[in-house]
Amino acid sequence: MAVDHKYLLSLKTILTTKEAFTNLNAPASDTALLLEGVVTGGTLNLMNNRQTKPLIPPLSGRWTKMGLSVLFFSTLSVSALAQTNDGKRTLPPQNQNSELRTRTWSIYAEGGLSWSTDVWYQNINAKKSYNQSPAVGGGVDFTIRPWVRVGAEYLWSRYRREQRFSKLDPTTMPIKAYGNYLMNYHNAKLGVGFNAMELWPRRRAQWFNIWISTGIGYTTAKGNEHGIFFSNTKTQGGQTTPIGEGTSISNDSEVTITGNVRTTNRHENFDNFYIPASLHFEADVTRRFTIGLKGEMDWLIKRKDIAPKNLIAGLATVRYNFVPSRAKGLKTFYDGEISSLNNRINELRQTTAVERERAAREAAERQRLERENAELQRKLSECKNKAPEHIVKVEEISHFVQFANDSFKMSREEAYRLKMFAQSVKGQKLALVAEASTPGQADYNQRLSEKRLEQVIKALVKEGIAKADITPQIAIGERDGKPTAEGRRVTIKVEK
């Protein structure tokens, strides 16, 4: 009588397999998953589909989104604080970009998540968290000008793939029950970046910059695939064949059925050049520290079979800038200011000394001229006293007071000359005529001549001239049509 056996595993076989599997240092959870299966109708159903422990506990999609959201809003908050502090800073006005990003070095650390696309090892019933992996690295940059910088960078990351078969089809032996593929890769690149914010050089927020970068890189990747397989065979009449669907066993002969579980570790590696492209948002927190968010995509060249098509990374960065401290910057600035002020003071001192010498010479010359004028006035008075008796009245221009353009204030020299003149003509009758030059409105010039006349009368009265002796007093404005300094005078005539 023929008996159809879709699948047969004896207790002895299971125990032997469990012992062998344990000796292979396989994870206990994987062993439990395999041995808790039962055979029904040619298909192995996994009654307890517990998750295996991943090689690195990944972040779930929800936690990833929450973490990136917190990082983004933290960056905005710190950036706003940096802008506020910059508005209140005590440093003198200057171009922050030019100061911090001209021939300066900086180092940075970065960390975040990475993704890979078009990987040859497909996910089957895997956890969603296997779509992203951790990534860390750092680099060094030299900023030539605020709009361009060059640098080198290293980034380590990995990608994972997992195969968890909810149903096993034993028609083909061996049967793959589980697979886990892990690849670590190391990226090194040389790049050049351009600051898009420099398209607006007069922007106020110089603490915020957007860098667009590219370059050339080389990746080295090493990893392995861990697989678990079932293999079941029957030996009948000296011939061993796999047990599959439609297998029949006759009771007329001896049949040996063998079942085993096998684990494999297969190593993979590849080395490839790649072209990177990144977009980096940076905000200066202080003069020396800068934080940022960076997105990067790498295109692998000649990727062959096992290398992915693209490597994608989303990273947060912290940068340290090798620039002078705030105190050193202030010291340098104010040292320069003090030096400039000292030079200016020395120049002013030299100019003052020259002007004092010139003023002393002019004062001595003025005193000499005033003495000569007084002597001439005395001689003139003597001559007039000796004049014939038939000359009853002599009228001549005795003195004039000169004013500056559009002014009714007497200079110190003119006031002194008027004082000396007034002392020499006390007791005599004086006639005053005030004028203004033609530039300007006629009404304005008339009022200006009247104010000039008032100033001269006050000065004469102060020196002891009686108001009754000052007549007539006439202000004629621009009536005589004199456009030069001759029209900006008050003329005093002495009448006898």
Side-chain angles (χ1 to χ4, degrees), residues 355 358-496:
E355 292 296 326
R358 185 179 64 83
R361 291 194 301 269
E362 291 181 353
E365 182 67 15
R366 183 170 57 251
Q367 291 176 1
R368 186 184 66 81
L369 293 175
E370 288 173 352
R371 287 194 299 269
E372 292 180 356
N373 183 59
E375 181 65 19
L376 292 174
Q377 291 291 342
R378 185 186 63 80
K379 292 179 179 181
L380 181 61
S381 298
E382 291 178 354
C383 292
K384 290 179 179 179
N385 292 332
K386 295 178 181 180
E389 293 182 357
H390 64 275
I391 300 177
V392 179
K393 190 175 183 181
V394 177
E395 180 179 322
E396 67 174 301
I397 298 176
S398 301
H399 188 78
F400 66 86
V401 181
Q402 184 69 49
F403 289 87
N405 183 40
D406 195 22
S407 174
F408 60 88
K409 299 292 184 181
M410 284 186 288
S411 66
R412 184 177 300 176
E413 291 80 2
E414 291 296 327
Y416 182 79
R417 290 179 59 246
L418 181 59
K419 177 180 178 181
M420 299 300 295
F421 172 75
Q423 292 177 359
S424 65
V425 296
K426 284 183 180 181
Q428 301 186 51
K429 300 292 184 178
L430 303 178
L432 276 66
V433 178
E435 299 178 85
S437 58
T438 55
Q441 298 293 328
D443 293 342
Y444 178 81
N445 289 334
Q446 178 63 35
R447 291 193 298 272
L448 183 60
S449 65
E450 292 172 358
K451 292 180 181 179
R452 289 171 176 171
L453 180 62
E454 291 176 1
Q455 291 295 318
V456 173
I457 293 173
K458 288 181 181 179
L460 292 173
V461 172
K462 183 178 179 181
E463 296 300 326
I465 304 297
K467 287 187 177 181
D469 292 338
I470 306 174
T471 183
Q473 305 169 4
I474 304 173
I476 64 174
E478 60 178 35
R479 187 184 306 168
D480 287 349
K482 299 177 181 179
T484 61
E486 294 181 359
R488 298 191 289 272
R489 295 176 177 176
V490 174
T491 304
I492 304 174
K493 297 180 179 180
V494 179
E495 298 182 354
K496 292 189 178 179

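Numbers here simply count residues along the sequence, with the first being 1.
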Please output the side-chain donor-acceptor pairs of residues 464-474 that fall under 3.5 Å, not counting sequence neighbours, one pair per line with the distance.
{"residue": "Asp469", "atom": "OD1", "partner": "Lys429", "partner atom": "NZ", "Å": "3.0"}
{"residue": "Gln473", "atom": "NE2", "partner": "Ile470", "partner atom": "O", "Å": "2.8"}

For this session: Mark yes when over 12 heavy atoms from residues, nucleotides or ligands other than Gln441 sit less than 6.0 Å from its CD; otherwise mark no.
Result: no

Nearest 0.5 Å, what's the [atom1]-[atom2] distance between [X] and [Y]?
{"X": "Phe403", "Y": "Ser437", "atom1": "CZ", "atom2": "OG", "value": "12.5 Å"}
{"X": "Ile492", "Y": "Leu460", "atom1": "CD1", "atom2": "CG", "value": "5.0 Å"}
{"X": "Lys493", "Y": "Gln428", "atom1": "NZ", "atom2": "CD", "value": "15.5 Å"}
{"X": "Leu453", "Y": "Leu448", "atom1": "CG", "atom2": "CG", "value": "11.5 Å"}

Exercise. With sequence neighbours excluded, what pairs up with Arg378 under the side-chain hydrogen bond (donor to acceptor under 3.5 Å, both in side chains) test?
Worked result: Glu375, Glu382

Which side-chain N or O atoms in residues 408-418 pair as donor and acceptor under 3.5 Å with protein atoms at least two apart or in another chain?
{"residue": "Ser411", "atom": "OG", "partner": "Glu414", "partner atom": "N", "Å": "3.3"}
{"residue": "Glu414", "atom": "OE1", "partner": "Gln402", "partner atom": "N", "Å": "3.3"}
{"residue": "Glu414", "atom": "OE1", "partner": "Arg417", "partner atom": "NH1", "Å": "2.8"}
{"residue": "Glu414", "atom": "OE2", "partner": "Arg417", "partner atom": "NH1", "Å": "3.4"}
{"residue": "Tyr416", "atom": "OH", "partner": "Glu370", "partner atom": "OE1", "Å": "2.8"}

Which pairs would a plain distance check flag for residues 475-488, meaning a side-chain donor or acceptor within less than 3.5 Å of a matching protein atom at least two apart in sequence or in another chain?
{"residue": "Glu478", "atom": "OE1", "partner": "Asn445", "partner atom": "ND2", "Å": "2.5"}
{"residue": "Lys482", "atom": "NZ", "partner": "Glu435", "partner atom": "OE1", "Å": "3.4"}

Exercise. Tell me, do Leu380 and Leu376 make a side-chain contact under 4.5 Å, heavy atoms counted?
Worked result: no

For this session: State, with a plain yes or no, whether a side-chain heavy atom of Leu430 is found less than 4.5 Å away from one of Val494.
Result: yes

When the side chains of residues 362-369 are checked against the rest of the protein, which donor-acceptor pairs come out under 3.5 Å, sequence neighbours left out?
{"residue": "Glu362", "atom": "OE1", "partner": "Arg358", "partner atom": "NH1", "Å": "3.4"}
{"residue": "Glu362", "atom": "OE2", "partner": "Arg358", "partner atom": "NH1", "Å": "2.6"}
{"residue": "Glu365", "atom": "OE1", "partner": "Arg368", "partner atom": "NE", "Å": "3.4"}
{"residue": "Glu365", "atom": "OE2", "partner": "Arg368", "partner atom": "NH2", "Å": "2.3"}
{"residue": "Arg368", "atom": "NH1", "partner": "Glu372", "partner atom": "OE2", "Å": "2.5"}

Problem set entry | Summary of salt bridge (Lys or Arg N to Asp or Glu O under 4.0 Å) pairs that have at least one residue in residues 450-461, sequence neighbours excluded | none

Problem set entry | Contact list for residues 418-461, test ring pair (Phe, Tyr, Trp, His ring centres under 6.0 Å), sequence neighbours left out | His399-Phe421

